[in-house]
Amino acid sequence: MRKIEHIGIAVKDLKTSNALFKRLLGSEHYKEEEVAGEGVNTSFFQVGETKIELLEASREDSPISKFIEKKSEGIHHIAFDVEDIHAEVLRLKAAGFEILNETPKDGADNKLVVFLHPRSTNGMLVELCQNKNN
Ligand SMILES: CC[C@H](C(=O)O)C(=O)SCCNC(=O)CCNC(=O)[C@H](O)C(C)(C)COP(=O)(O)OP(=O)(O)OC[C@H]1O[C@@H](n2cnc3c(N)ncnc32)[C@H](O)[C@@H]1OP(=O)(O)O
Ligand SMILES: [Co+2]
């Protein structure tokens with residue numbers, strides 16, 4: 001793991017939360033992007049070496065809707081930047097972590113992503129991100 005790539009935050013309404021995080025961080029978001037395959041609309045803020053990723057449900061059955069319904073808005077996952085996502089999946093599997101998708105899938109912000117089940121990581125949803133240009 002090279003660094004924390006982003007902290008994912010589940011929000012009900014991207015427009016409202018973009019304004020709140022602009023007030024909080026003192027800067028604008030640098031992009032908005034829908035990831036249809038995940039059922040999310042995302043918005044990214046750069047904060048030094050890492051990012052805040054706001055996540056709004058883009059459809060009824062989005063994992064974000066379920067999360068907000070069951071818990072509330074708030075921190076949804078932590079994403080780590082990795083050099084070689086395939087090697088990391090093998091390492092983490094061998095280390096006993098539960099991989100949700102062994103084949104990396106398209107994420108936002110030009111990334112390939114893999115998720116680990118929170119029940120294998122002390123209740124924290126973990127995402128691995130490899131830059132597609134790596
Ligand atoms: C990829 C685009 C973008 C990017 O960065 O590029 C994103 O980050 S997209 C983010 C949205 N996509 C995902 O979250 C994909 C991975 N998530 C999943 O596969 C599911 O959400 C899963 C498996 C984590 C939970 O789904 P499930 O249908 O099982 O929901 P439950 O509510 O029944 O949860 C089971 C169990 O897990 C706990 N849980 C659920 N979500 C989280 C979470 N974000 N953090 C911590 N814990 C979580 C939930 O409370 C249940 O625990 P229990 O003790 O049984 O109550
Ligand atoms: Co993410």
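Numbering of ligands and ligand atoms starts at 1, following listing order.
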Tell me whether the rings of His6 and His77 are parallel (<30°), tilted (30 to 60°) or perpendicular (>60°).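 It falls in the perpendicular class, over 60°.
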Could you check whether the rings of Phe21 and Phe45 sit parallel, tilted or perpendicular, using 30° and 60° as the cut-offs?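 Taking Phe45 first and then Phe21, their aromatic rings sit tilted (interplane angle of 30° to 60°).
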Say whether, by atom type as modelled, one donor and one acceptor occur between the side chain of [X] and the main chain of [Y] under 3.5 angstrom.
| X | Y | answer |
| --- | --- | --- |
| Lys3 | Glu49 | yes |
| Ser17 | Val11 | no |
| Ser62 | Val40 | no |
| Ser43 | Leu54 | no |
| Glu73 | Lys12 | yes |

Proximity winner for [atom], if only heavy atoms of [options] are counted:
| atom | options | answer |
| --- | --- | --- |
| atom 36 (C) of ligand 1 | Met124, His117, Glu69, His77 | His117 |
| atom 33 (O) of ligand 1 | His6, Lys70, Glu34 | Lys70 |
| atom 12 (N) of ligand 1 | Arg119, Glu33, Glu5, Glu38 | Glu38 |
| atom 21 (O) of ligand 1 | Gly37, Cys129, Pro63 | Pro63 |

How close does the nearest protein non-hydrogen atom get to [atom], and which residue and atom is it?
| atom | value |
| --- | --- |
| atom 16 (C) of ligand 1 | Phe115 CG, 3.7 Å |
| atom 39 (N) of ligand 1 | Pro118 CG, 4.0 Å |
| atom 18 (C) of ligand 1 | Leu100 CD1, 4.2 Å |
| atom 41 (N) of ligand 1 | Phe67 CD1, 4.0 Å |
| atom 17 (N) of ligand 1 | Leu125 CD2, 4.1 Å |
| atom 46 (C) of ligand 1 | Gly123 O, 3.2 Å |

Under-4.0 Å heavy-atom contact between protein and [atom]:
| atom | answer |
| --- | --- |
| atom 54 (O) of ligand 1 | no |
| atom 29 (O) of ligand 1 | no |
| atom 48 (C) of ligand 1 | yes |
| atom 3 (C) of ligand 1 | yes |
| atom 26 (O) of ligand 1 | no |

Which of these, Glu98, Glu88, Glu102, sits in a side-chain hydrogen bond (donor to acceptor under 3.5 Å, both in side chains) with Lys93?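 Filter result, single survivor: Glu102.
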Do the side chains of Leu128 and Met1 get nearer than 4.5 Å, heavy atoms only?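 Yes, side chains in contact.
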If you consider just the N/O/S atoms, which atom of [X] is the closest one to the Co ion (ligand 2)?
| X | value |
| --- | --- |
| Glu53 | OE1 |
| Glu127 | OE1 |
| His77 | NE2 |

Just by distance, with hydrogens left out, do Asn41 and Glu33 show a side-chain donor and acceptor under 3.5 Å apart?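 Absent: no donor and acceptor within the cut-off.
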Element-labelled atoms of ligand 1 that are located less than 4.0 Å from some non-hydrogen atom of [X]:
| X | result |
| --- | --- |
| Glu53 | 3 (C), 4 (C), 5 (O), 6 (O), 7 (C), 8 (O) |
| Gly107 | 1 (C), 6 (O) |
| Lys71 | 47 (N), 50 (O) |

Carboxylate-amine/guanidinium contact Lys15 Asp13, below 4.0 Å: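 Between Asp13 and Lys15 there is no salt bridge, as every charged N stays at least 4.0 Å from the carboxylate O atoms.
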Should the pair Glu69-Lys66 be classified as a salt bridge under the 4.0 Å nitrogen-to-oxygen rule? no
Looking at CD of Glu53 and CD1 of Ile9, how far apart are the two atoms once the value is rounded to the nearest 0.5 Å? 9.5 Å
NE2/His86 to OG1/Thr103 distance, rounded to the nearest 0.5 angstrom? 8.0 Å
Please confirm whether Lys111 comes under 4.0 Å of ligand 1, counting heavy atoms of the residue only.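 Under 4.0 Å: no for Lys111.
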Of all the heavy atoms in Ala79, does at least one lie under 4.0 Å from an atom in ligand 1?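 Outside the 4.0 Å threshold, so no.
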I'd like to check whether Thr42 has a polar contact with ligand 1, where a contact means an N/O of the residue lying under 3.5 Å from an N/O of the ligand.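 The answer is no, given that Thr42 and ligand 1 share no N or O pair closer than 3.5 Å.
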Hey, is ligand 1 close enough to His76 that some N/O pair sits below 3.5 Å? yes
Atom CG of residue position Asp61 - does it have more than 12 heavy atoms of other residues, nucleotides or ligands inside 6.0 Å? yes
Checking heavy atoms under 4.0 Å, the part of Ala108 that sits near ligand 1 is both
Is Cys129 close enough to the Co ion (ligand 2) that one of its N, O or S atoms comes in under 2.8 Å? no
Is the distance from the Co ion (ligand 2) to some N, O or S atom of Glu5 under 2.8 Å?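 Glu5 does not place any N, O or S atom closer than 2.8 Å to the Co ion (ligand 2).
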On a heavy-atom basis, the closest approach of His76 and Leu55 is ND1-CD1, 4.1 Å
